[in-house]
Amino acid sequence: MIITRVTVKINRPVAEVFAYVTDPASFPRWAGSLVKESRKISAGPVGVGTTFTQMDMLMGRRFTSKMRVVTYEPQ
């Protein structure tokens with residue numbers, strides 16, 4: 001399991017920022033140049049058990065991953 005922690009000050013309500021960063025469709029916009037595409041493939045709102053696919057590009061190669069949310073603590 002990979003755990004990443006980053007701190008950034010954003011002048012927006014916490015709930016609005018949390019909704020944005022936990023929406024798989026927004027991952028390519030905030031996660032840097034590595035993430036090219038991400039989409040939710042399970043039904044319902046994002047939470048524990050949500051699954052999504054993600055296509056990353058690293059050193060000119062594409063990698064596709066299927067991921068599942070295992071912890072979700074809305075802020």
* Smallest separation among heavy atoms of Ala25 and Pro28, with atom names -> O-CD, 3.5 Å
* Structure fact -> Hits for side chain to side chain donor-acceptor pair (under 3.5 Å) against Arg39, two or more places apart or cross-chain, chain-then-number order -> none
* To do: Report the distance from atom CE of Met57 to atom CZ of Arg62, rounding to the nearest 0.5 Å.
  => 4.5 Å
* **Path from Trp30 to Val35 over hydrophobic side-chain contacts below 4.5 Å** => yes
* Asked: How close do Phe52 and Val69 get, heavy atom to heavy atom, and via which atoms?
  -> CE2-CG2, 4.3 Å
* Verify the cluster assignment for Val21 and Val48: are they in a single hydrophobic cluster under the rule of side-chain heavy atoms below 4.5 Å apart? => yes
* From CG (Asp23) to NZ (Lys40), nearest 0.5 Å -> 8.5 Å
* Asked: In the hydrophobic clustering that connects Ile, Leu, Val, Met, Phe, Trp and Tyr at side-chain heavy-atom distances below 4.5 Å, which members other than Leu58 occupy its cluster, ordered by chain and number?
  -> Leu34, Met59, Phe63
* Exam field: side chain Ser38 to backbone Gln54, donor-acceptor pair closer than 3.5 Å -> no
* Search all heavy atoms of Pro24 against all heavy atoms of Val46 and return the closest pair with its distance. => CD-CG2, 3.9 Å
* Of Lys66, Met67, Arg68, which is the lone residue that meets side-chain contact (heavy atoms from CB on, under 4.5 Å) with Ile41? -> Lys66
Please tabulate, for side-chain N and O atoms in residues 5-20, each donor-acceptor pair with protein atoms closer than 3.5 Å (sequence neighbours left out).
| from | atom 1 | to | atom 2 | distance (Å) |
| --- | --- | --- | --- | --- |
| Arg12 | NE | Glu16 | OE2 | 3.2 |
| Tyr20 | OH | Arg29 | NE | 3.3 |

